[in-house]
Structures are given as C-alpha cells and as structure tokens.
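Encoded as structure tokens, the structure appears first; notes follow it.
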Amino acid sequence: MTSRRPGWFVAATVLGLAFALAFLFLPIVGILADVPPGELVSRLDDGTSLDALRLSLETTAISLGIIVAVGTPVACLLATRRFRGRALVETLLELPLVLPPAVAGIGLLAAFGPQGLLGSALDDAGLGIALTTGGVVAAQTFVASPFYLRQAQAAFGALDPALAEASRTLGAGEAATFGRVVVPGAAGGLVTGAALAWGRALGEFGATLIVAGSFRGISQTAPLAIFASFSSDFTAALALSAVLLAVSGALLLGVKLLTGEAAP
Amino acid sequence: MTSRRPGWFVAATVLGLAFALAFLFLPIVGILADVPPGELVSRLDDGTSLDALRLSLETTAISLGIIVAVGTPVACLLATRRFRGRALVETLLELPLVLPPAVAGIGLLAAFGPQGLLGSALDDAGLGIALTTGGVVAAQTFVASPFYLRQAQAAFGALDPALAEASRTLGAGEAATFGRVVVPGAAGGLVTGAALAWGRALGEFGATLIVAGSFRGISQTAPLAIFASFSSDFTAALALSAVLLAVSGALLLGVKLLTGEAAP
Amino acid sequence: GGGGAPTLKVSAAASLKTAFTPYGASFSPARAAFSFAGSDELAAQIRQGVKPDVFASANTRLPAQLYAAGKLERPVDFAANRLVLAVPARGGKVHSLAAAAQPGVKVVVGSSTVPIGAYTRQVLARLGPGTARGILANVRSEEPDVSSVVAKLTQGAADAGFVYVTDVRAAGGRLRAIGLPVRAQPRVVYAAAVVRGTGHPRQARAFVRGLLSGPGRRALLAAGFEPPPR
Amino acid sequence: MTSGLLVEAATRVGALELAARVEVERGCLALAGPSGAGKTTLLRIAAGLLRPARGLVHCDGDVWLDTAAGADLPPERRRCGVVFQHYALFPHLSAHDNVAYGLRRLPRPERRRRAAELLERFGLAERAGARPRDLSGGERQRVALARALAPRPRALLLDEPLSALDARTRAGARRELASLLRGAGVPVLLVTHDFAEAAQLADEVAVLDTGRIVQRGAPAALALSPASAFVADFTGASVLVGMARPAPDGLTAVALEGGGEIASTDSATGPVAATVDPWEVAVAPADRPPGPTSARNRLSATVATVTPLGNRARVGLETPQPLTAELTGAAVRDLRLAPGDRVVATWKATATRLVAR
Amino acid sequence: MTSGLLVEAATRVGALELAARVEVERGCLALAGPSGAGKTTLLRIAAGLLRPARGLVHCDGDVWLDTAAGADLPPERRRCGVVFQHYALFPHLSAHDNVAYGLRRLPRPERRRRAAELLERFGLAERAGARPRDLSGGERQRVALARALAPRPRALLLDEPLSALDARTRAGARRELASLLRGAGVPVLLVTHDFAEAAQLADEVAVLDTGRIVQRGAPAALALSPASAFVADFTGASVLVGMARPAPDGLTAVALEGGGEIASTDSATGPVAATVDPWEVAVAPADRPPGPTSARNRLSATVATVTPLGNRARVGLETPQPLTAELTGAAVRDLRLAPGDRVVATWKATATRLVAR
Ligand SMILES: Nc1ncnc2c1ncn2[C@@H]1O[C@H](COP(=O)(O)OP(=O)(O)OP(=O)(O)O)[C@@H](O)[C@H]1O
Ligand SMILES: Nc1ncnc2c1ncn2[C@@H]1O[C@H](COP(=O)(O)OP(=O)(O)OP(=O)(O)O)[C@@H](O)[C@H]1O
Ligand SMILES: [Mg+2]
Ligand SMILES: [Mg+2]
C-alpha cells in the first residue's frame, strides 16, 4: 500500500478494526472490571486455584511437547511431499477442530478408554486415559494439535526447497538437514503455531472433563477449576480467568515480538 | 526435498504421520463405530436434531458473514500497515483463542449482557444477547474470528504489495483495488481461514451455553443438542455428532481441493 | 497419593460441591479427590467404562441404571434436597412464584434430561395450570446442569430459575430463594454407589458409609441438604 | 513550468537521504545508478505511491504533487503508466483482463476492443486468455507494457523493465521496447542498471548515486567524460585508483594503488580515479615489449581471462588493479594470449581521464 | 570410465523428455540453452537431488548413480559442490556459518580455520558475521561459492551463478569466477543463458534444447558454425529464416520470409535459417547505395535503433526480419544514421551460414 494520507476506505477499515477490537476486547475488560485487583490476588491464595494453574502449566507443557515433537516432521512431510490423498489426510488431521469438545471426549474414551478400541492394551501398558493426568494430556493434544499442524505446514510450505537441497549437497543427511536448516528456517511459523496450540490446550475444558474428570491435582486444570467455582465462588472463577488471560496474553505477545524481531 | 527413495528419517516421519492420524482419527472412528449406520439415520428423524442442525447452519452462516465482512479489511490493514502497538492489537484480537469458552461466555455477558458494560444500550436497541439467537451469533463470532483474522492476515501479508500499487496507478481507488486485486490475490488463504472459522463456530459450545442458553429453535445449536441428549439418548447424540462431522469434513475437504486446484 | 493414603476418586453431582468439599477434607481413610459435573455427564463417562471409585448422583435413576448395567455396586440414598425458584438477590423483577408467570419474564430451567430439569417439570406439573403454562411460556433456556442455571441468574441473563435450595445458599448472597408450595415439591433424592472394579473398595465403601452418618452427613446438613426419606 | 514530466523530491527513506530533481520533455530519460541509490523511490514519488517530505511533481502543466501548496493527487488520478520491476501482473486475471484493467471507465465493448488492439500490437493476440504464470518472461514484459499504456497515460515510468528477463530474451525485448518508446509520445522515465540498455533506449541518462543526481547527459557524453569513477565504471571503462601529482610537460602522474604509475593529460591532485576505455588499451608480450611509441602509459600485467566476442576479444588483465583491453581476434591469435601470460599493457596519456573518487 | 564427471540421463520431468549425456574432464563445461531446456534438471540429477528413470553419474571413476545396477548415492555422500541459481544461502546463519556448514566432520578449530581461510580468499573476511540478507548480490555469490568449495568437492555444479546479479556487479563477479574456476582443479558444470559468459568461463559449451544436446564445442567453434538457428541466436548472430534452393555458381539462394533473397556458399534446400554475424554486415544509405562489390547479399532495411557502444555502434535493422549490423562509431557519424532512415545492408555470401531450423 502507499504511504499517503488515508482515504475513505482506509478510514472505514480503521473503524472496522476499532469495532473488532471493541467486540473482542470488551468481554475481557468485562471480566477484569468485575473484580477489584486486590481481591483477584487474594483469591489465588487458596490452594485450589494454584493447584489448577500448576496442573494446567504442567499438562500443557507435556501436550505441547508431544504436538511439537510429532507434529513438526509430519507437517514438513505434508508441506513438501505431494501424494495421492494428501487433501484427505490433511482434512482428517483437521477434524478435531470442528468436533464439539464433549464429543471429542466421548470419542477419546471410545478409542482409548477402558472399553475403547485400544483401551485394554493401553491400560495394561499403564497409559490409561480415564480419570488420569494422562487423559488430560490426551484431550489437550487432541484438540490443540490441528492448530500447530496447520501453522507449521504453512511455514514449511513457504520455505525455499533449495535450502534443504543445498544442505544435502553439503553433506548433511535428511535428519541433519531437517534439524539444522528446515526447522530454523520455519522457526517463526513454528513458534506462532506452538503458541496457538498452547493457548488452545490451556483453554481446553469439555473433552478433559469427559475423559479425565475434574479431580484436584489430577485432572482439574484451570478451566475446570474456573467452571467448578462458577456457581459457588464467582470471584475466584474470575480471578483465575484473569490470571489465565494474563499469562496467555503475555505469552502470545512475547512470541509475536520475538518472531517479529527475528523476521527480516 | 528430493525425489529419491526415502531414508530412515522420512520413514520415521511417515510413522509419525500414521501415529498422528491414528490418534486424531481413532476417536472419530470410535464415535461412529458405537452406532450402527441405520440407526444413525433414523435418530435424525426426530425434530430436535433437525432443528438444532438448521439453527447451527443458520447462525454459523451469519457469524461467518460478520467475521468475513469485518475481518477481511481489518486483516488487510494489519498485514500491510506498520504502526506502533501493532503486536499489541494483534494479541488482543487473538486472545479469544486462549480463553476457555465458559470464560468467554462470562466475558460476553459482562460486556454486552443486560448488566454488562454496554448491556442496557444494546437491549434497548433490540440487540440483547442473553438467551437470544443473537447471543449464539455473538458467541460464535467471538470464538471463531481469531481463526479467520490470523489466516487472512497471513494471506494478505504474502501478497506482493506491488500488485495493489499497480492497481492504483491504473486508476483504481483504494476500495476498488481491495476488491479487485487484493482480495482475489489472497483468495486461497481467505477461503481456508473462513473454513477454519466456520468449523470452530460450528463446534462452539461453552460460550453459547453461557450467553444464549439452550433452547430448541432459538439457541440450541447442534453441539448443545448433542450435549443435551448425552444421558437420555446417547445414540441420538452420536448420530448428530456423526452428521456434524460429515458436514464439516466434507466442507474442509472441498475447500482444500478447490483452493489446491486454484493454486499454481 | 502422598503420605501412603490412596487417592479416592469421587465423581459427584455439581450440586454436592459445598457439602463434599469439607467432607473430603475430613475423610481420613484416603485422600478424596472430587470431580463435580452434571450427573448425566458423569454417568456417561462410567457407561464408557471410566472407573472412578465412587459415583454420587443428584437422582436415584442414573445410579439405578448403572447398577443394573453392572457398573456400580448397590446404590444407597444419602441425601435429599428441595427445589426453589431462585431470583437475583438485588434488582430482580420477580418477587413471587406467580410473578414468574407474567409475560416478559425470562425463566431458565434444567434440561429434561438432567435431574434438575426432571424435577422442575414435576414441580410445574403440580402447580396450577395457569402458573405452569405462564412459566413454561417464559422459559428461555434448558440448561444442561444446575450450575448453568445458577450462572444465568447470577449473570443477570435470566430473571428466575428453578434450582436446589443448596445452590442458593452456595451462591453466597447473590441469589434469593422463593419457596415452592409443599404440594409441588418433588422428591429429590441423592444416591451414591461404589463403582464396580474400583481399586480401593474398602475406602470407597467407607466414603459412602460416611455420607449416611458422621462427618459426611454433618457436612451435608451444614450445606442445606436434608436426610434422605426413609 | 515544463511541458513534460518534472519530479523533484527531498525526503528520507530508510537510511537514504534523497534529494533529486529530474525533468523529461518528450522522449526518454534513463535513470541509472547503483543499487539503493533511490531510483525506485523517485519513480514511486512520481507515480504517487510514496509521498516525500518535500517535493514537486508536474506533468504537462498539471500539478500532481506540491507539498508546499499541500497538493497531492492520489495515484489513481495521475494517469501515470508504470511498469514495475517484476511486472506486478495480476495473477488471477488473464493477459486480456490485465490489459483491460485500467479501462474500467470505458463501456464494455470499447474496453474489449482497445484491449484486443493492444494485445494485437504487442503480438499477444494468441496469448490473450493465458494467466501470467503461463506466459514467458518476454510475454509478461509485453503484457505489463500494454497494461500500462492501455489507459493512455500522460507519462510512462519503467522500473528495470528488462532485468527480469534472461539474457537471451533480453536483447529482443530491448529492441521491441526501443521501437515502442519512440512511438510512445509521452515523457518516459526508465530505470536501468545497464549502460548499454540506457544507451539504446534513452535520449539522455541521469546518474543517481546515494540519492543525488551526479551526472546527466547523452549516453555518449557520459562515456566520453564521466564525472565520477562510478559513472566511468557504469559506462564500461576500466577504473584505476591512485594518487595524482603534477608531472613535467603539463601531464599529471598517478601513482596507482597496488603499484605502477600512469600519466594523463587531465590535471588533478590527490586521490583520483583514472579511467580508460578497453579499446584504447594495447597488449604486448612481456618478453617482447613494444618499442618506443607515443603511448605514455605502460603497465606490467597478468592475463586473467580471454573472452572471444565475435571478431574481437576482451582480455581481462591484472595490473594488479583490474584493467580490460579489447583486441581484435587476430591480435589475440598472433600473440597466443592465454590466462596466466605476463604482458605489458600500453595506452595513451590523452586517453586517460581523471575523475574524483 | 572417464576421469572427470559423466552425467547421462533419460527421464521425464513435467512435460519435458530429457535424454542427454555430458562429460567434463578437468576444466569447465558450460551448459547453455533456452528456458525449460532441462539444464537445471541435469544438474539436479548430477547432484543426486533428482533420480532419473534411467541414468548414470560417474565422478573420477566412482559410481554415483547407475539405475541399471540399482546404485544411487544420496546427495550428502556425493561430495558435489553446488551453487544454486539464487544461491540458497541459509538465511539464519552468518556468512561464516554458511561456509562452515559443510565442514561438520572437521574438529571445531579446524572448521573455523578453514571457513575463515575461504572467506579471506573470497574477500569476505570483514563480512563473516553478516547474515545473507545484509550482503550485496556479489557478496552472496561469493559466499555461495565459498560454501560449495569448503568441503573440497569432487565436482562443482553452478546453476546460473551470475544471473541474480545486476548488470554492473555481474562483470566483476564474472571476472572473479573465471579466475576461480581456473584454480578449482575439479570438473565444473556451469549453466548459463549468456554466450559471453559461457565464452569467458568455459572451455567448451554444450547446448541443450528441449532435453537434448544439440551442439557441443569450443565457444568460438559454436560462433563460427552454429548447428541450429537457436545456437546462432545464442551466439549473437542475426538469424533470417526462409526457403533455400540451389542457385548457379554452387551457391544457395534463400527466399526470406517477409521478402528479399540472399545467397550463401553453404548448400541446403527447404526451410532454413541463414545466420550472419553483426560485424559482417555493412550499411549504406538507400539513396547512395554502394557500387558493385564482392558482397552478394543486399537487403533494403529501415534503421530501428542505433546503440553507441564505446568506439562502435550496433545498428538494429528491419529487413523486415530483424538484422543487426555493427559499425565503427565513425561510420555511424559519417552516415548520420538515425532511427527511421532507409538503408541498404550488404554482406558476403561466404559469411552467410545456413542451418536447419
Ligand atoms: N520501505 C522502505 N523502508 C526502509 N527503507 C527503504 C524502503 N524503501 C526503500 N528504502 C531504502 O531506500 C534506499 C533506496 O531504495 P530504492 O529502492 O529506491 O533503490 P534503487 O535505486 O531502486 O535500488 P535497486 O537498484 O536495488 O532497485 C535503499 O537504501 C533502501 O534501503
Ligand atoms: N518439479 C517439476 N514438476 C513439473 N515439471 C518440472 C519440474 N521441474 C522441472 N520441470 C519441467 O522440466 C522442464 C525443464 O526444467 P529445468 O528447470 O531443468 O529447465 P532449465 O533449462 O533449467 O530452464 P531455466 O533456464 O528456465 O532455468 C521445464 O519445462 C519444467 O516445466
Ligand atoms: Mg529499484
Ligand atoms: Mg534452470
């Protein structure tokens, strides 16, 4: 675009932006406005909130680790190789996106629960998901991975394939090329995708409740704790929501500033 | 990458893909496997499911319309202009992504509900969101718009700015340039973003429940209907889930094939 | 679980939170961990083979079904509750049951598939036809659990809703209860059972027993529950 | 007020301080200069795509921009045809629709007619339906030109229109462009990196360096007396740097960096660049040096490259500063010149121009 | 089995049917040809980045690929230095780390030493810490070369190493590359679009057209007797197409498309391309045609362009087929040639080569 004074169209768009900001941000203001800051802090003192927050951070870290570890090479494969049925595979990987979380929970149980398709095998291996912290991780991984996959795929797709070829001719094998050239080259998109997936995992509620329940210290993540205190202790729910918002907002902003700086 | 026979690294990645596919797809198989296909269809005959499906399609169409109409120029603005605080604005627009849906619902009520920051003004204007179909649309728009914005922004950002400049020098004003060059140029990304946002809106549950409740024909969308029939009629819940999955899967796949074909 | 005591997983109806939390804290044979949610969700989980140690439901129907399906040991009734019409404590426009039937009032009820919704329908069936029709016409939402009904009221989205009296007490002064005529009051009975195949049958049974006497019963009464009918 | 195009701007873009003024009456002015000199920036100011801190753009007596008077016509109202460096063809439109894009105000049949006519004129009639990605580089360039000309612009701005083409296509495209620009009938401002291109396409060349016009004139005049080492290099002359001091006979002696001394009839003192055209330089084997000649300048050199070019050859020498000699093919054969050979390069003091560095 | 590099491949890529064989002993072979001819494809096969349906790649007696025998060394084990068309420098690594990338197997101090030595040798010592985006085009090219040479490759493949550079930088970079390739000591395969580049850098040129090698020889040999119109055009000769038939005196007459007839001493019949080098063509004003000369070929023409190039000028003619004449600057001044003038172009039948089209 140009660097001239804005015309009516730009003015209208800025108006649209203001509208969008108001719509998306006022609810957040509304949450924060309802509780005095002092009270927010004091409400966190009670162990339930802190336990939930700690569990949320731990489980999302594990989920994100799994998503990144498996999703990164898979996204690269999908981005750089053409094969029959690729669109179908991509769609299958994206389906969790449209599944209502409760249905996702039932599905996870139907597949990996004690009576599920693979259930008894998993249970025997000590990897049962029903009412365990492992179930929390499974639910988060299930709902959040499409976010990472999609963003990572876009990042890999945008990478000049000649870079990987150059690396190969310089003596680096496929794995070394992936680790030393392909991943660093797509780092910006990967970090953004990871931030999105992390955000989605952090907010995950419905599937976790169905699969793992809401047991303090085992499966009561922050969103579940918020939900649990809705009717009884509304202020505590808001306080925890505010903390969740602050943490994830800071993370998203930090990632954006970091990758924005790193980009040319 | 190369067109040679795959090395161990590619083999490992394919394994990862198979693993990811299994993990993300088995739950869906699990849902479908629980119910015989014939019964699936017969369960849809009851009016509640059909009403819910119809309401879902209507409200998501409106939400998507709002998101696309406002989000497209806003995303373009964010993608092409540099200004102070842009990272902050982007983060604010993305926050709904990490908000647990229930918290998002509370926030929407706190901002636009009857006792909210703007509540009475909206109610007086007949735009109340509490327990109305309007509330369903508001909730869907709130949770789904970051998906569209993010994808659209990436699509606009990837567009060669010289195209818009060329259009200007050929006598097209800012609005004409936007409509005739910028949007068609980013069409692939916009359609993908719209598909994702639509999927997210279709699966929206928590915020809708908090804001609009669950009333047949007014606010009981398909995910809410699924949830409502969990305990009483599990098979009906699964049948509706399967339909939801089929519809959205077909849409995502169709979009992918279409844009994949259109891309160079 | 730390300190050698096993962790006892208790899936309980959302409305039991205010009673079970203090009970759990004082329960010594095991560390009690609670998952509070709609009774029907918890039942759906158990139907899928998920095995908490104890299931406590806001009705007797779901435990009976699961017992029949072999998922639970024999359930016991351990508490009763009463329905009320709840309204926002301040600034509400509904001050009596009849007022809830006036046009323009927004009423929320539980979905007929969850216990609170089933009870609400019983109440309405026993009210006068005029009031019942008026209230039904005012229903704007059928919520999937009682917490959602409470949230609608505390957020000001609705003017009145049918909830348990214990919920009004738990809402900490933000809700006010309007009592229902005795003849309309349904039989709200909570039942609990040990889940079949639990890894801690001894502690689970102790937990259920505690609900009938001792600290569990005291906590229930303190939260506003009533003893189960004989 | 000029009758052609006048662009004057003083502004800061990134690290560059641009302060330049160019005027084109009818005909074509080539804007040459190194990367980052501000050439594209000046074109963008002319087209209205960038607003300078202070500036003035007039075209045929109309004011397009006058920052002092607060006048600033948006690009869509300037009727200024622009060919962008990579053409910026609309990828979603066919060649025909690209060309017709600027004709929106015409009624549909007329628009079609004019677009078809332009495609015909540019030999693109058969490619009318093709998308840009299916066109070859040369075809793309012609579509870009046709598109820019379609709305009958009042000035034409071309940003390195040939640089996206491969060397083979470029010669032909350059010939086409030359004949086209002759018929354009509007002022043309053409950015180029290539002196031969400037010489073939433009009536005059203005050389822009770090935001300032350093020289302006006919291509031949620039080649004859470059104002700076950069201009000399741009025209293809060899540039040798050193320190000048007065010498007997009204000559100037230049002690070259890296060794050697040469003489010039120009006068200068201090750090200078000495330039010499390749065809002025003669080469003899080091073991059979030429006898006394009128050529005053002699440098020992090593042959680095020998490039046959038709009936001539270019010989790259290292003196150690690089120096290029152009010899006939016969001379190269007689001398059996090959890379690595030790030779003596000679040329006349009168052919040695001195310019400031 | 050759001692240098042998690449032989038959395969289908997209719409192209590639079936070519090139061999390079020591020294440099330039691979020239039009866009889409398969040049890059052949390099990729040599480097192991693409596997042909059938093919053979040998280097210094080692088998890199033999589809018949099922042998196929992956690229990382071929030790084949590649300079990619746009360099493909790793954007997240400094110049130093780009060069050191291929030296992973060396211990760290040695790796550092060798990278520094290469950077020094390429005049990049001061830019060692810069990222590729902060390097100029010429610097990037040198980093790419240094990176390719660092692991002491056994063959060097260069894909249009100069085409990403602007015309000004290119001349210098070409000189540097030439001196470098002389010292490389391994077989070099160089893809180029530019005959002058091929002539300066390579000992031999192989011309690839739609997947097949159509001619191979020293640059001068190609210029002297091009095997096809394409090769002639590539070397800078003018190409006139027409129908040949035998004529008296052992000559061949060619009726040109668009009008006119010329003669050649070569013999041919049917559709041919007649080629003539620009310096063979003389020009006289149409109103003062030259008297009887030994030059048999005469065509009326219109001057399209006059391009001064140092002490010469290139004159573009329309006969109506395009024809280029190269005259001395003096001749142009004497004749006062200007675009639009009617002239007569003359050249000798012996300077007219006939090739198949
Ligand atoms: N948008 C921008 N932001 C920052 N700096 C800019 C911008 N546009 C141009 N510049 C700077 O202005 C200077 C001039 O750029 P310009 O594109 O006009 O150069 P140019 O002469 O066209 O160079 P080239 O031959 O490489 O195209 C450059 O140093 C560039 O870094
Ligand atoms: N991955 C591919 N898919 C389909 N077709 C391809 C692919 N790679 C190359 N081709 C086709 O193979 C042909 C030869 O391509 P190649 O890149 O080798 O040509 P080139 O001689 O290097 O051309 P240029 O001078 O334009 O670089 C082209 O017609 C191209 O369309
Ligand atoms: Mg430029
Ligand atoms: Mg190529």
Side-chain angles (χ1 to χ4, degrees), chain A residues 68 72-73 75-77 79-84 86 148 151-195 254-264, chain E residues 14 40 43-50 64 73-94 97-106 111 115 131-135 140 143-160 164:
Chain A
V68 169
T72 309
C76 183
L77 194 79
T80 54
R81 304 245 171 180
R82 319 234 134 227
F83 51 86
R84 278 172 76 83
R86 193 173 72 141
Y148 182 72
Q151 204 76 22
Q153 216 180 307
F156 287 126
L159 209 66
D160 181 1
L163 293 180
E165 298 190 340
S167 167
R168 298 292 300 279
T169 65
L170 289 164
E174 277 171 332
T177 296
F178 183 71
R180 297 179 68 209
V181 169
V182 177
V183 167
L190 298 184
V191 171
T192 311
V255 163
K256 206 169 292 296
L257 291 178
L258 272 179
T259 56
E261 243 167 49
Chain E
T40 298
L43 283 204
R44 287 167 53 80
I45 290 170
L49 299 171
L50 184 79
W64 284 356
L73 225 53
E76 60 268 27
R77 294 178 50 206
R78 295 195 181 192
R79 283 189 51 207
C80 181
V82 182
V83 174
F84 290 79
Q85 186 158 357
H86 295 281
Y87 307 139
L89 295 180
F90 304 128
H92 60 294
L93 298 182
S94 66
D97 292 348
N98 263 281
V99 174
Y101 188 91
L103 302 172
R104 273 201 308 166
R105 290 199 181 81
L106 297 186
R111 195 189 327 163
R131 293 283 172 91
R133 65 161 174 274
D134 297 325
L135 296 173
R140 281 179 211 175
V143 174
L145 261 167
R147 185 180 69 173
L149 290 171
R152 307 191 195 277
R154 301 174 55 198
L156 198 53
L157 310 175
L158 307 158
D159 197 355
E160 310 203 27

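Letters A, B, ... are given to chains in the order of the sequence lines, protein chains preceding strands, and every chain is numbered from 1. Scope of the values below: all heavy atoms of this structure, side chains included, with no hydrogens, waters or symmetry mates. Remember, predicted model here, so these are calculated numbers, not experimental data.
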Would you say that A:R168 contacts E:P74 through its side chain, given a criterion of any heavy-atom pair below 4.5 Å between the two side chains?
yes
For the residue pair A:S167 and E:F90, establish whether any side-chain heavy-atom pair is separated by less than 4.5 Å.
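A:S167 reaches E:F90 side chain to side chain.
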Does A:T72 have any side chain to side chain donor-acceptor pair (under 3.5 Å) partners at least two apart in sequence or in another chain, and if so, which?
A:Y148
Side chain to side chain donor-acceptor pair (under 3.5 Å) against A:Q151, all qualifying residues, sequence neighbours excluded
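For A:Q151 there are no side chain to side chain donor-acceptor pair (under 3.5 Å) partners, ignoring immediate neighbours.
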Rounded to the nearest 0.5 Å, what separation is found between the CG atom of A:D160 and the OH atom of E:Y87?
14.0 Å
Point-to-point distance, once rounded to the nearest 0.5 Å, from CD of A:E165 to CZ of E:R44:
4.0 Å
How far apart are the C-alpha atoms of E:R147 and A:L170, what are their side-chain angles, what is the distance that settles it, and do they pass the side chain to side chain contact (heavy atoms under 4.5 Å, CB included) test?
CA-CA 8 Å; E:R147 185 180 69 173; A:L170 289 164; 3.5 Å; yes
Contact origin within A:A187 toward chain E - heavy atom pairs under 4.5 Å
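The answer is neither part of A:A187.
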Using non-hydrogen atoms and a 4.5 Å limit, figure out which bit of E:Y101 sits close to chain A: side chain, backbone, both or neither.
both
Heavy-atom cut-off 4.5 Å, strictly under: side chain, backbone, both or neither for E:L89 against chain A?
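Contact with chain A: backbone only.
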Would you check if the side chain of E:H86 reaches a backbone N or O of A:A162 as a donor-acceptor pair within less than 3.5 Å?
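Judged by distance alone, no pair lies under 3.5 Å.
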Chain A: which of E:R105, E:R77, E:R104, E:H92 shares the most heavy-atom pairs with it under 4.5 Å?
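With the most close heavy-atom pairs to chain A, the winner is E:R104.
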For E:A88 versus A:L163, what's the shortest heavy-atom pair and its separation?
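It is O-CD2, 3.4 Å.
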